[in-house]
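Predicted model, so just to flag it, every value in this text is computed and none were measured. Chain letters run A, B, ... following the sequence lines, proteins first, then strands; residues in each count from 1.
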Protein chains: 2
Amino acid sequence: MAVTIKDVAKKANVSISTVSRVINDSKPVSDEIKHRVLKVIEETGYIPNPVARSLVMKKSQLIGVIVPNISNIFIGEVLNGIEEIGKMYNYDILLCNTYGELNQELRYLNLLKSKQVEGIIFMTWELQNEHKEFFAKEDIPIVMINRNASDANITSVSIDHRKAAYEMTKYLIKNGHRRIALIRGNMQNYIFGIDQYEGYSKAMKESNLEIDKRLIKNCEFKLDLAYNAVQEMINDETLSTAIFATTDYMAFGAINALIDNGYKVPEDVSVAGFNDIKLASIYRPKLTTIRQPIYDIGAVAIRVIIKKIKGEEIKDNVFVLPHELVERDSCKKIK
Amino acid sequence: MAVTIKDVAKKANVSISTVSRVINDSKPVSDEIKHRVLKVIEETGYIPNPVARSLVMKKSQLIGVIVPNISNIFIGEVLNGIEEIGKMYNYDILLCNTYGELNQELRYLNLLKSKQVEGIIFMTWELQNEHKEFFAKEDIPIVMINRNASDANITSVSIDHRKAAYEMTKYLIKNGHRRIALIRGNMQNYIFGIDQYEGYSKAMKESNLEIDKRLIKNCEFKLDLAYNAVQEMINDETLSTAIFATTDYMAFGAINALIDNGYKVPEDVSVAGFNDIKLASIYRPKLTTIRQPIYDIGAVAIRVIIKKIKGEEIKDNVFVLPHELVERDSCKKIK
DNA sequence: TTGTACGCGTTATCAC
DNA sequence: GTGATAACGCGTACAA
């Protein structure tokens, strides 16, 4: 059995309150006794039981993280940021994977609360009313990643997807492209897809370019759906000179379809991605894409959570991190 | 304040023990009272406080998972398996990222124990004596992933790396290659690298092929080091006709170096990988590689942990999962 | 079958 | 400065 505060107290000939005081520095203790206690702790290898501590403090040094897919590279990188900063502040991560299923998410939201986590970092593909209800009801610190959720009055951290999509579309137009396909996630409630679509269409309209509905493809972030979408355009003979995929992964799917049909990238078709996952510079041709500060997104999220836990007032409800258009080899200027 | 067992008891006009009994099914309770209690629980939305429960039961429904790098795709996929099966048994995951640093690992090992986790799944790049000491000292259920650790008397799940490397080398030899470079991780304590090297050299020796030390490169799993290693071989003019990388990632690094130097894969040089991460079939040329049942590795690991928790005897200390050589487009037969 | 009372390991509020 | 002691929310012998 592990050694408890009681054992230490007995061995040091003091009361448990005194021991508690020295380990928490909560009240003055005479130097002599302090040293004696410290020594006993040293000898016995005593570690305070965090569970008992949680029970009385109603704190746990735990932060719940809910994600739709752990094995997603983007999310892994976000997790890295969360974990690393959390560790600095002595917080541990309770990880929950939901595959984006609503009831799983709701279940975890409640479960985490009952586990006394001090805050929740929440990622989902689609923000729904049930989520918002939970957020409104509970007063536990929550931050969302990858979506401006100010409408639901919950704080969030992400880049400006609208602006980023706008810039990329603009870039393609500047390079002479007039028919630009957009390969994206779901239409509906999809968490940042709407912003991206707005950015895309704004750029198109500004240049008086027609938005061809046949070139807007919903591919649910899936590489093979992106592959099929391009295949479809080839079959339909609607293939454009440029393809903008809102995920690097989907961009790879697009490129593969092109290659497998004998097209060359970027000679015949330009393809742009979004995110700049590590793979983007590994793949050949190297992908022109929007770089998100993925690690930082996680890092900022947990910093905000910790601030909230400490009761510090957060002025902004929306943390917008900078992005960057990274020009590489998958896009080409045409006349 | 959340509703407690006491509130429920009062509202249902019974003692807390009775409430406890109905929620745990621990002792018979008359149907009438049972229903009454259940109804109150329903109405109040009572959820037992897991922290208090942990304190008295010395259990937590928590399983600690220590990994060297969350954003590694392979590990993400393993995590998927762990999470999904864990969820089935009502276990949550306490995630710890160590970057493979020994003191971080040791710290977490102790921390997790004090957090009352019921079992630990441990991944590391190198198994060291300090780890073994911990395992020997503590009686908490532990399983290691990706290494046959039977020497340390701890149970593990992985594929047979030795055999897999042997088969791949054999395959390359069968395809006419006689000089085969091996791009691998560290030499020393490296967790499965030794096995892989043995497989490689066994195959080479069986065919009376010389092992050219200049073709054995230690690249620490890093894509760019693999890139450099191949660049080196090109500069040294020691380039072989085949390259076997013990990680798909390193294989990509190798291929990129080849491409960037004007070589064609597989026409000029064959390249084989290891793991079959999703990317392997996305990349062009599609990678010939060893498929590991990554998800299953995680799933089996947590299943074993849960069995151990339940006190069931584990007959084998080593769980070897099947692998498979996947032939794709990155290797070619030469005369 | 049901209720009482104690213990799990801490922190915090009192007295001293 | 120090030590009892009551919480925290729950499970469980023990009694009834």
* **Candidates D:dG9, C:dT2, D:dG3 - which lies nearest the side chain of B:Ala52** => D:dG9
* To do: Among the candidates D:dT12, C:dT10, D:dG1, find the nucleotide nearest to the side-chain atoms of A:Ser30.
  => D:dG1
* Does B:Leu55 or B:Pro28 map to a spot on DNA chain C nearer the 5' end, using the closest nucleotide for each? -> B:Pro28
Categorize [X] for me: base, sugar-phosphate, or nothing, with a 4.0 angstrom heavy-atom threshold over every strand shown.
{"X": "B:Ser20", "answer": "base"}
{"X": "B:Val14", "answer": "sugar-phosphate"}
{"X": "B:Val29", "answer": "sugar-phosphate"}
{"X": "A:Pro50", "answer": "nothing"}

Under 4.0 Å: is that the gap between some side-chain N or O of [X] and OP1 or OP2 of [N]?
{"X": "B:Arg21", "N": "D:dG11", "value": "no"}
{"X": "A:Lys58", "N": "D:dG9", "value": "yes"}
{"X": "B:Asn49", "N": "D:dC8", "value": "no"}
{"X": "A:Thr18", "N": "D:dG3", "value": "yes"}
{"X": "A:Thr4", "N": "C:dC8", "value": "no"}

Would you mind reading off the distance between [X] atom [atom1] and [N] atom [atom2], rounded to a whole angstrom?
{"X": "B:Asp31", "N": "C:dT1", "atom1": "CG", "atom2": "C1'", "value": "12 Å"}
{"X": "B:Arg53", "N": "D:dC10", "atom1": "CZ", "atom2": "P", "value": "8 Å"}
{"X": "B:Ile16", "N": "C:dT1", "atom1": "CD1", "atom2": "P", "value": "20 Å"}
{"X": "B:Gln116", "N": "C:dT10", "atom1": "CD", "atom2": "C1'", "value": "13 Å"}
{"X": "B:Lys6", "N": "D:dG11", "atom1": "NZ", "atom2": "C1'", "value": "14 Å"}
{"X": "B:Arg36", "N": "C:dT2", "atom1": "CZ", "atom2": "C1'", "value": "11 Å"}
{"X": "A:Lys10", "N": "D:dT2", "atom1": "NZ", "atom2": "P", "value": "20 Å"}
{"X": "B:Lys27", "N": "C:dG3", "atom1": "NZ", "atom2": "P", "value": "14 Å"}

* Asked: Any donor-acceptor pair under 3.5 Å between the side chain of A:Ser17 and the base of D:dA4?
  -> yes
* To do: May I ask you to decide if the ring planes of A:Phe135 and A:Phe122 are parallel, tilted or perpendicular, using 30° and 60° as cut-offs?
  => perpendicular
* Asked: When you look at CD of A:Glu42, are more than 12 heavy atoms from neighbouring residues, nucleotides or ligands closer to it than 6.0 Å?
  -> no
* To do: Supply the atom-to-atom distance B:Leu94 CG to B:Lys115 NZ, rounded to the nearest 0.5 angstrom.
  => 6.5 Å
* Asked: How many angstroms lie between CG in B:Asp92 and CG in A:Leu112, if you round to the nearest 0.5 Å?
  -> 7.0 Å
* Does the side-chain contact (heavy atoms from CB on, under 4.5 Å) test come out yes or no for A:Gln116 and B:Asn49, once each step is laid out? -> CA-CA 8 Å; A:Gln116 312 289 124; B:Asn49 181 329; 3.7 Å; yes
* Worked check of side-chain hydrogen bond (donor to acceptor under 3.5 Å, both in side chains) between A:Ser20 and A:Ser17 -> CA-CA 5 Å; A:Ser20 176; A:Ser17 346; over 6 Å; no
